[in-house]
Amino acid sequence: MKKPTLVLILFLFLKVFCLADAQSIVVLPFADLSRNQGMHWMSESFPELLEDRLKRPTINVLGREERMIAFDRMGIPYTSSLSKASLIKIGQELDASILLLGDFNSNGDRIETSVSILDLKRNRLTSPIREEGELEQYQHLCGRMAWKVLTQIDPSFPLNLDSFLARFPIIPNVAHENYIRGLIESDGIKQIRFFRQADRAYPNYSKAIFQLGKIYHQQKDYATSSLWLQRLIKLDTEVLEAGFLLGLNELYLKHYEKAADEFQRLSSVIPLKEVFNNLGISWSLSGSAESATRAFQNALEGDPLEADYYFNLANHFWKTGNFSGAVKKLKEVIQRSESDAEAHYLLYKCYHAIGKPSEAAAALALAMQLSPKIESWENRKQIPELFRIQSSFDESSFHQLQLEIRQIQESKLNPKSPAERTAETIGKATHHLQSRELDQAEKLLAQAIQQAPESADARVLMGKVLEAKGEKARAVAEYRASLWLQESASTRVLLSRLYLSLDRKKEAKTQATMALDREPGNIEAKEILAKITSQ
């Protein structure tokens with residue numbers, strides 16, 4: 001028996017253990033208190049913005065489609081006006097630990113919004129987190145609200161508000177509005193118009209481009225869908241669902257080698273059974289028999305109970321002349337689904353090929369009894385393509401497993417201790433700072449701070465990077481965070497100089513004095529004090 005691959009063992013381990021540790025959050029549509037029909041689209045805007053801002057390796061934020069499926073299963077209208085009992089049922093249906101319940105009001109110029117955290121495990125509802133300001137600034141307000149939510153859920157959250165907000169670009173409001181209107185529109189033609197307008201208002205708007213690729217895929221315009229998805233993948237290779245849909249497009253267009261390339265790329269990132277299944281189909285139809293067999297076996301290892309995976313491997317064996325192997329797999333299919341007419345028909349074909357006429361006749365008779373289409377196949381001596389393509393996957397598990405696998409693979413590839421890895425990251429960031437590659441330095445330091453929020457060195461270096469970028473207010477916050485973690489005369493001097501550049505002489509004098517208290521001979525602190533006195 002073939003041993004499970006390392007990546008599949010990792011997949012099964014994570015599915016059992018890692019996902020159980022992650023917090024799942026559902027953001028429900030915000031209640032519109034404005035009674036202005038023209039602003040109702042914002043009910044869905046807030047969940048979308050919060051979803052983007054709350055995602056972390058330990059937090060799984062469920063998307064709009066998952067929310068809508070849960071509402072549909074329970075026969076509840078997709079709305080924000082629900083009783084607490086209904087809210088709890090929705091949370092249970094989605095296996096969520098936290099629900100976010102919000103509302104907003106606006107007079108057309110200003111907006112007020114609030115959100116409360118419903119902890120389903122403790123059955124506790126927090127006091128509302130409130131934000132208000134100019135309507136044009138509602139994305140910024142949403143970012144502030146997300147930061148407050150994260151700090152309540154996780155008091156050790158490492159980023160200060162300014163650092164957190166800087167991670168999310170502000171999308172032109174007209175582009176974001178068109179994107180949301182496209183999401184909530186039911187007419188496909190109008191959806192396409194809204195998403196195209198969003199992309200024009202904000203060129204290379206990844207989320208709008210993905211939706212366009214997805215809609216054209218759903219409309220079976222696979223060639224047009226692929227054009228949008230290929231554009232998206234060039235912009236952002238991390239949008240893995242786009243790769244999955246692109247692979248499906250190529251499969252439906254009968255570009256089997258291209259489909260295999262796409263599913264192979266995905267399977268190397270994350271071992272999802274649906275990906276392996278479609279990879280096996282692509283390889284089988286392109287003539288790569290051995291590779292197809294391995295892929296189908298990997299799909300079965302991912303889910304040994306799924307009848308379709310046994311059927312696809314049996315179909316592949318039948319096509320390649322392995323009739324006895326096909327018979328074994330078809331019996332597995334029939335054991336799980338006795339009324340599978342196609343499985344009985346293939347069984348007839350295999351029995352006929354290996355010279356078992358009585359078994360073949362019985363299988364054919366049962367297949368014809370189960371489905372009238374079998375007789376027409378037999379009369380025409382023509383069988384349609386029977387492979388069972390997996391056209392969707394569990395999106396939340398897909399993204400969460402991707403994050404968890406990356407973490408584990410990184411720790412295996414880098415056996416150093418957490419402190420050593422943080423020091424290594426800080427070293428790389430220092431090099432980027434010296435080379436004036438400030439964006440790369442900031443990105444590395446954000447990773448270091450998330451890995452080791454107690455690192456004063458990472459904070460002070462982040463302050464230097466931000467100061468070099470001209471983001472002085474954020475730099476002040478980082479220097480102060482570093483001093484809170486570890487007292488340092490040199491950091492006091494850095495903060496003092498920064499305050500002086502901001503013409504905040506009183507604070508500059510205080511920091512220089514505190515540096516001298518710690519190091520009486522500190523020349524830089526003395527120079528700062530002398531400069532302040534002379535002015």
Side-chain donor-acceptor pairs under 3.5 Å in residues 250-261, sequence neighbours left out?
unit_1, atom_1, unit_2, atom_2, d
Glu250, OE1, His255, ND1, 2.8

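- Side-chain contact, Asn277 with Asn312: a donor N or O sits under 3.5 Å from an acceptor N or O.
- In terms of the side chain to side chain donor-acceptor pair (under 3.5 Å) criterion, Ser455 has no residue partners (sequence neighbours excluded).
- Every residue was checked against the ring-ring contact (aromatic ring centres under 6.0 Å, His included) condition with Tyr309, not counting sequence neighbours, and none meets it.
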Which donor-acceptor pairs under 3.5 Å do the side chains of residues 183-198 make with protein atoms, sequence neighbours left out?
unit_1, atom_1, unit_2, atom_2, d
Glu185, OE2, Asp187, N, 3.0
Asp187, OD1, Ile189, N, 3.0
Asp187, OD1, Lys190, N, 3.0
Gln191, NE2, Gly182, O, 3.0
Gln191, NE2, Glu185, O, 3.2
Arg196, NH2, Tyr216, OH, 3.3

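- Classification of the Phe30-Phe46 ring pair by plane angle, with boundaries at 30° and 60°, yields parallel.
- Expressed to the nearest 0.5 Å, how far CG of Leu246 lies from OG of Ser225 amounts to 7.5 Å.
- For the pair Asn278 (side chain) and Leu248 (backbone), a donor-acceptor distance under 3.5 Å is absent.
- Judged by distance alone, with hydrogens and angles left aside, the side-chain atoms of Ser482 form no donor-acceptor pair with the main-chain N or O of Glu478 at under 3.5 Å.
- With His217 as the fixed residue, the ring-ring contact (aromatic ring centres under 6.0 Å, His included) test singles out one of Tyr222, Phe210, Phe244: Tyr222.
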(request) List the steps, then state whether side-chain contact (heavy atoms from CB on, under 4.5 Å) holds for Glu44 with Arg64. (result) CA-CA 9 Å; Glu44 197 62 36; Arg64 183 172 189 269; 3.2 Å; yes
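- A 6.0 Å sphere centred on NZ of Lys443 holds no more than 12 heavy atoms belonging to other residues, nucleotides or ligands.
- Shown here are the side chain to side chain donor-acceptor pair (under 3.5 Å) partners of Asn105, two or more places apart in sequence or in another chain: there are none.
- One N or O on the side chain of Ser97 and one on the backbone of Ser24 form a donor-acceptor pair closer than 3.5 Å.
- For Arg200, the side chain to side chain donor-acceptor pair (under 3.5 Å) test picks out no residue, with sequence neighbours left out.
- Within the structure, side-chain hydrogen bond (donor to acceptor under 3.5 Å, both in side chains) contacts touching residues 463-474 (residues at least two apart or in different chains) are Asp439-Lys469, Glu442-Lys469, Glu442-Arg474, Glu467-Tyr479, Glu471-Arg474, Lys472-Ser501.
- Within the structure, salt bridge (Lys or Arg N to Asp or Glu O under 4.0 Å) contacts touching residues 219-233 (residues at least two apart or in different chains) are Asp199-Arg231.
- The distance from the NE2 atom of His40 to the CZ atom of Arg181 is 10.5 Å, given to the nearest 0.5 Å.
- To the nearest 0.5 Å, atoms CG (Leu285) and CD1 (Ile281) are separated by 7.5 Å.
- In this structure, the separation between OH on Tyr138 and CZ on Phe104 is 10.5 Å, given to the nearest 0.5 Å.
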Side-chain donor-acceptor pairs of residues 108-118 under 3.5 Å, sequence neighbours excluded:
unit_1, atom_1, unit_2, atom_2, d
Arg110, NH1, Glu134, OE2, 3.1
Thr113, OG1, Asp103, O, 2.9
Ser114, OG, Asp103, OD1, 3.0

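- Although no hydrogens or angles enter the test, the distance criterion places a donor-acceptor pair under 3.5 Å between the side chain of Ser267 and the main chain of Gln264.
- The two residues Phe164 and Gly143 come nearest to each other via the heavy atoms CE2-O, 3.4 Å.
- Contacts of Glu437 classified as salt bridge (Lys or Arg N to Asp or Glu O under 4.0 Å), with partners at least two apart in sequence or in another chain: none.
- Not a single side chain to side chain donor-acceptor pair (under 3.5 Å) links Arg130 to another residue, sequence neighbours left out.
- Remark: the backbone N or O of Arg124 is not paired with any side-chain donor or acceptor of Asp119 at under 3.5 angstrom.
- Listed by chain and number, the residues in a side-chain contact (heavy atoms from CB on, under 4.5 Å) with His431 are Ser435 (sequence neighbours excluded).
- If you take CG on Leu50 and NZ on Lys55, they are separated by 12.0 Å, rounding to the nearest 0.5 Å.
- Taking CG of Leu444 as the reference point, atom CG of Leu433 lies at 11.5 Å (rounded to 0.5 Å).
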